[in-house]
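Read through the structure below, which is laid out as structure tokens, and then see the notes.
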Amino acid sequence: MAEILTIIAPVFLAMMLGYGLGRRGLFDESVTPALMRYVMLIAVPCLLFHSIAVRPLPGGHEMLMVGGYYGALALVYIASMFITRFIFGSSLAEQGVFALSVCFANGMFIGYPIIEGKFGPEGVRLYLMILAFHSLTLVTATTFVMERAKAGAISHAMIRATAISVVSNPILMALGTALVWTGLEIPVPAWLDRLTGLFGASAAPVGLFAGGMSLAGVSIAGDLRPALTATALKLLGVPVAVYALLHFVLDLPPLWVGVATVMAALPTGIIPYTIAARYQTAPRRTASTVLISTGLSAVTLVALLSLV
């Protein structure tokens with residue numbers, strides 16, 4: 001238990017520090033988005049390249065792990081839309097935001113240091129393979145749902161804009177570069193390995209601090225029933241679905257199942273709230289889900305890490 005608390009405590013303390021300083025207004029409002037952009041445009045791509053380019057090319061079974069993870073998420077995503085439609089009478093747009101809140105994990109900020117502490121470098125490599133497709137799959141799917149709800153149809157311009165955003169995504173560019181690099185067995189120069197390692201090492205602490213600051217701007221409000229339901233599905237339903245598919249159906253190695261299950265059990269990230277605010281669709285409920293799931297995950301993750 002002491003070892004698990006050693007892994008978990010610094011993660012949530014770093015977020016609490018960002019949250020506390022954000023609430024006190026010690027930083028200008030422009031600081032948080034600037035730090036977020038740094039993490040997503042520089043630190044995370046460097047971390048991906050540094051972790052993958054120096055290791056063997058992923059095999060088919062490893063990609064089966066990635067496919068299995070997102071296959072489970074697809075089932076939960078669809079089920080979540082039906083749940084919020086028939087239980088809460090939600091509109092199509094509200095269904096999309098609810099499902100994204102259930103499936104979208106705070107993977108980079110909270111997940112990375114936990115995976116590194118629990119599973120080591122090999123666990124990080126597997127984790128980053130899953131994480132690289134996180135926004136691509138979930139945000140893209142939700143954007144299509146939201147646009148369909150708004151306009152009643154998906155336009156060619158929307159498809160074109162989505163394709164451009166995928167191609168220009170810095171995380172996917174870093175993943176593709178790393179996979180090509182290791183596939184061609186090109187040695188990574190010491191200076192490049194050192195450079196990407198330095199920037200990559202800043203991804204988790206800066207991301208946790210910035211994530212805490214971003215939470216300082218939201219509060220628990222609105223109808224809490226959907227938020228509590230989404231939190232229960234996020235912290236319990238998603239990891240159960242991922243574990244069941246990867247362990248019982250695909251029979252993958254324990255390390256792979258453990259990494260994927262822990263990622264599935266992470267709390268809701270801030271992205272669902274930004275999308276809800278952009279489309280003016282249940283932003284208060286989504287903010288409540290982010291805050292409640294983050295707080296409760298300090299307990300559920302301790303319990304899960306003691307089992308895997």
Side-chain angles (χ1 to χ4, degrees), residues 1-20 22-23 69 72-73 76 80 83 98-119 123-124 127 130-131 134 204-205 207-216 218-244 246-247 254 257-273 284-308:
M1 180 61 71
E3 178 184 354
I4 294 173
L5 292 177
T6 301
I7 296 171
I8 292 287
V11 172
F12 286 92
L13 288 174
M15 287 197 72
M16 289 172 60
L17 177 62
Y19 180 83
R23 294 285 290 183
Y69 180 89
L73 252 62
V76 175
S80 298
I83 287 172
F98 181 89
L100 182 64
S101 300
V102 170
C103 295
F104 196 94
N106 193 329
M108 195 62 254
F109 304 154
I110 294 180
Y112 173 78
I114 292 177
I115 293 293
E116 183 181 39
K118 178 66 177 179
F119 299 107
V124 168
Y127 178 73
I130 300 174
L131 186 65
H134 203 51
L208 286 168
F209 185 80
M213 289 183 63
S214 68
L215 292 179
V218 300
S219 60
I220 298 177
D223 187 356
L224 293 184
R225 293 177 302 159
L228 292 172
T229 303
T231 296
L233 290 171
K234 180 71 197 75
L235 300 182
L236 301 175
V238 178
V240 167
V242 169
Y243 179 84
L246 268 60
H247 177 68
V257 176
V259 168
T261 303
V262 171
M263 178 169 174
L266 296 173
T268 303
I270 197 67
I271 294 298
Y273 170 71
R284 294 193 302 171
R285 276 183 272 170
T286 308
S288 297
T289 302
V290 174
L291 286 172
I292 295 172
S293 66
T294 300
L296 292 179
S297 68
V299 177
T300 57
L301 284 172
V302 169
L304 177 61
L305 291 176
S306 66
L307 296 175
V308 298

On a heavy-atom basis, which atom in [X] and which in [Y] lie closest, and how many Å separate them?
X	Y	answer
I7	P10	O-CD, 3.7 Å
P272	G269	CD-O, 3.1 Å
F12	S297	CZ-OG, 3.4 Å
L224	S288	CD2-OG, 3.9 Å

> Would I270 and N106 count as a side chain to side chain contact (heavy atoms under 4.5 Å, CB included) if you check the C-alpha gap in whole Å, the side-chain angles of each, and the deciding distance to 0.1 Å?
Replying inline: CA-CA 7 Å; I270 197 67; N106 193 329; over 6 Å; no
As an exercise, state the distance from [atom1] of [X] to [atom2] of [Y], rounded to the nearest 0.5 Å.
X	Y	atom1	atom2	result
T6	K118	OG1	NZ	11.5 Å
I115	L131	CD1	CG	10.0 Å
L215	R23	CG	CZ	10.5 Å
L301	L266	CG	CG	6.0 Å
L235	L304	CG	CG	10.5 Å
Y273	R284	OH	CZ	11.0 Å

Any side-chain heavy-atom pair from [X] and [Y] closer than 4.5 angstrom?
X	Y	answer
Y127	M263	yes
F98	T289	no
Y243	V257	yes
I114	I8	yes
I83	V102	no

Backbone N or O of [Y] within a donor-acceptor pair of the [X] side chain at under 3.5 Å?
X	Y	result
T261	G258	no
K234	P239	no
T268	S101	yes

> F104: what forms a ring pair (Phe, Tyr, Trp, His ring centres under 6.0 Å) with it, not counting sequence neighbours?
Replying inline: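 Ring pair (Phe, Tyr, Trp, His ring centres under 6.0 Å) check on F104 returns H134.
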> Of T300, L296, V290, T294, which meets side-chain contact (heavy atoms from CB on, under 4.5 Å) against P267?
Replying inline: T294
